[in-house]
Amino acid sequence: MKRIIRTVSFIFYLLLGVINLIIGLYLINMYMSSQEFSIVLSIGGTCLLTGAIACFYIAHSIGGRLSHDWFYNSM
């Protein structure tokens, strides 16, 4: 049961990181040209990129635990 929860949380954080990365890059790229929204949406995009990095770090940590579990349980 613990392995299933770790696998589901790994997939969740990986997808959340990818979605944050895509939306953050979209906000920074598309709204830099508009004068009204450039600062607010660029800050929002930067926060989303920071969140994406955090999600990738968490997914990497969970993936490391999963690989140790699979290695030690296979022996």
Side-chain angles (χ1 to χ4, degrees):
M1 185 68 174
K2 196 181 263 189
R3 186 188 295 178
I4 293 170
I5 297 297
R6 282 187 183 163
T7 306
V8 168
S9 62
F10 172 75
I11 293 170
F12 171 74
Y13 280 111
L14 191 64
L15 287 175
L16 187 64
V18 169
I19 290 169
N20 279 341
L21 184 69
I22 290 170
I23 293 174
L25 288 175
Y26 176 77
L27 286 177
I28 290 173
N29 190 26
M30 294 310 247
Y31 291 105
M32 284 299 285
S33 60
S34 73
Q35 293 293 326
E36 306 86 43
F37 301 117
S38 66
I39 292 177
V40 173
L41 293 176
S42 295
I43 291 171
T46 305
C47 290
L48 285 172
L49 289 178
T50 306
I53 292 169
C55 287
F56 287 140
Y57 178 76
I58 293 170
H60 177 71
S61 175
I62 294 171
R65 290 184 194 157
L66 284 174
S67 67
H68 286 296
D69 286 346
W70 287 330
F71 178 72
Y72 289 122
N73 288 336
S74 66
M75 292 180 139

What donor-acceptor contacts under 3.5 angstrom involve side-chain atoms of residues 43-51, with partners at least two apart or in another chain?
unit_1	atom_1	unit_2	atom_2	d
Thr46	OG1	Ser42	O	2.7
Thr50	OG1	Thr46	O	2.9

Please identify each residue that fulfils side-chain contact (heavy atoms from CB on, under 4.5 Å) with [X], with sequence neighbours left out.
X	answer
Ile19	Ile23
Leu14	Phe10, Phe56, Ala59
Ile11	Thr7, Leu15
Phe12	Leu16

If hydrophobic residues (ILVMFWY) are linked whenever their side-chain heavy atoms come closer than 4.5 Å, directly or via other members, who joins Ile4 in its cluster?
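Taking Ile, Leu, Val, Met, Phe, Trp and Tyr as members, Ile4 shares its hydrophobic cluster with Val8.
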What residues join Ile53 in its hydrophobic cluster, counting side-chain heavy atom gaps under 4.5 Å, either direct or through other members?
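Via sub-4.5 Å side-chain contacts, Ile53 links to none.
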Could you tell me whether the side chain of Ser9 and the main chain of Ile5 form a donor-acceptor pair under 3.5 Å?
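Checking the backbone N and O of Ile5 against the side chain of Ser9, a donor-acceptor pair under 3.5 Å is found.
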Membership question, hydrophobic clusters at under 4.5 Å side-chain separation (ILVMFWY): are Ile22 and Ile58 in the same one?
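Yes: a chain of side-chain contacts under 4.5 Å links Ile58 to Ile22.
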Taking a hydrophobic cluster as the set of Ile, Leu, Val, Met, Phe, Trp and Tyr residues connected by side-chain heavy atoms closer than 4.5 Å, whether directly or through intermediates, do Tyr26 and Leu41 fall within one such cluster?
yes
